[in-house]
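Here is the structure we will look at.
So you know, we letter chains A, B, ... as the sequences are listed, proteins then strands, and number each from 1. All figures in this text were calculated on a predicted structure; none of them were measured in a lab.
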Number of protein chains: 2
Amino acid sequence: MRSRENLIPVYYRLAEDVKKQIESGELKDGDLLPTEAQLGEKYAISRMTVRQGLALLAEAGLIDTVKGKGSFVTRPRLNQLVIDLKHSAANNGQLRPKLLAVNLIRNNPELANDLGFTGESNVITVKQLLFNESMPVAIEEKFLRYQKGKPLLETQLEYADFPELIAKHQESVPVRNDMVISVAALSAEQAKLLEADEALPALVIKQVIYSKDDIPLGVSVTLCHKDRFELKATSYPLSGRL
Amino acid sequence: MRSRENLIPVYYRLAEDVKKQIESGELKDGDLLPTEAQLGEKYAISRMTVRQGLALLAEAGLIDTVKGKGSFVTRPRLNQLVIDLKHSAANNGQLRPKLLAVNLIRNNPELANDLGFTGESNVITVKQLLFNESMPVAIEEKFLRYQKGKPLLETQLEYADFPELIAKHQESVPVRNDMVISVAALSAEQAKLLEADEALPALVIKQVIYSKDDIPLGVSVTLCHKDRFELKATSYPLSGRL
DNA sequence: GAGTGGTCTAGACCACAGA
DNA sequence: CTGTGGTCTAGACCACTCG
């Protein structure tokens, strides 16, 4: 039953109430919540509506529901952090891309093999330099399977983010993006592009995008200037969900 | 209605069907799904059950449901990558901790202020060295608000992960973990601890754990040897959910 | 206005946990 | 066995979108 004064759904109210009890310490890690029937009685709502509220809490990682036993309070998953690449770029100020080179590398099975592009020996490479207001921030190099009849449009090359570029240029649907974050020292050439000293430490972000059959569709390697770029992550990306 | 042959719920079958259609390209980005009523008719199930299936797809980021319009296919969120710290440590082989120092630093408002510990001038520091089978991998230094009557137990110090340590030693409930990933060169002292060359580039992982009022409860800074540790993230951590 | 998803009900039967 | 959550129904009314 929706109260007339407040337009927010009842199940949402219930979820917020429980959330507050958890965050205030009133409900501690491992505690058992009232049963769904009890909660339904307390809020004067049907059991399905209670379950809708509990689903929100489970999604946020605040409770763990076990069949036949009940719903237990769990510590929020602070060990799972989310990197939002779109937002991350914005945090570092909107980055302006400058296209350095686009190449179609034919008949280079070694390169294709290195990238995991089995059954394909033609590879497209896209090299870009990313700027903030005044300085070069990162060098991004992308590798894609060559796909007949799917031209790379100028606007896509410059402004599309990597997953979007893959989606536009590959037949297969991209379903997974794996990332490895590491560190390297800049080569002379890289240092020159970034207007930095040679051998300066740099953040290396490697992404591999896969299709549903675990076939790599594209690889991206980004070298970031250590003082001009920070990679951020948070355990609490649920925004207004709860 | 649950079919007798297969024990999986109907709403799950529906979600998997739609997922397959999206991954095969049969349903493309932006396409409109059949209405909930139509799907209910097709699968001979009630509308609430259809909605349960669509909720799974929405959670996985495969569809976007809009009131009054319908459910649209969206590209999976490949720009949102999840770092699983617990799993990440396992990927790099189980890390064995060695406690270097625990200190209670009294009356150092500058340090407390740097850490964001407003209204607190006593800070506990915990310094650890993390090993794989044979070599030192990382130096981790943790900073906690001093909390009266909450002693740091030996076992917690050594084996608890950072969010767990905070939860055990702070009155306030930790609700958010923000991370910044950057790069630094090793100092002479740090290089010696890691059995590495001075000025070697290293990965720096800084975590700040907050309470619900955005009060920092603890800070952790981890320096990782560039060749012995990799930080991984993936856009597809949903495991067996769909 | 007609059509859509959002919320909610008051039941039902099932599978699982535990005494 | 009782109590729990998991699934599912066949309705209902609402708020929103669009023609």
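The distance from atom CE of M48(A) to atom P of dA12(D) is 18 Å, rounded to the nearest whole Å. In this structure, CD of E41(B) is placed 14 Å from P of dG11(D), rounded to the nearest angstrom. The NZ-P distance, from K67(B) to dC13(D), rounds to 17 Å in whole Å.
At dC18(D), one or more side-chain N or O atoms of K69(B) fall inside 4.0 Å of OP1 or OP2 (strictly under the cut-off). Between R51(B) and dG6(C) there is a side-chain polar atom (N or O) within less than 4.0 angstrom of OP1 or OP2. Applying the 4.0 Å criterion to OP1 and OP2 of dT9(D), one finds that S46(B) has a side-chain N or O inside that range. A close approach under 4.0 Å does occur between a side-chain nitrogen or oxygen of Y11(A) and OP1 or OP2 of dT7(C). In this structure, Q52(A) does not reach the dC8(C) phosphate: none of its side-chain N or O atoms is under 4.0 Å from OP1 or OP2.
When distances are taken from the side chain of T49(A) to each of dT9(C), dC8(D), dT7(C), the shortest belongs to dT9(C). Checking dG6(C), dT17(D), dG6(D) against the side-chain heavy atoms of T65(B) singles out dG6(C) as nearest.
For R47(B) and R47(A), each mapped to the nucleotide of DNA chain C holding its nearest heavy atom, the one lying further toward the 5' end belongs to R47(B).
Within residues 32-39 of chain A, the residues approaching DNA chain D are T35(A), E36(A), by heavy-atom distance under 4.0 Å.
Side-chain atoms of S71(B) and L32(B), non-hydrogen and from C-beta on, never get closer than 4.5 Å to each other.
The backbone N or O of L39(A) sits nowhere less than 3.5 Å from a side-chain atom of R47(A) that would complete a donor-acceptor pair.
Partner L57(B) forms a side-chain contact (heavy atoms from CB on, under 4.5 Å) with one of V18(B), T74(B), T65(B) and no other, that one being V18(B).
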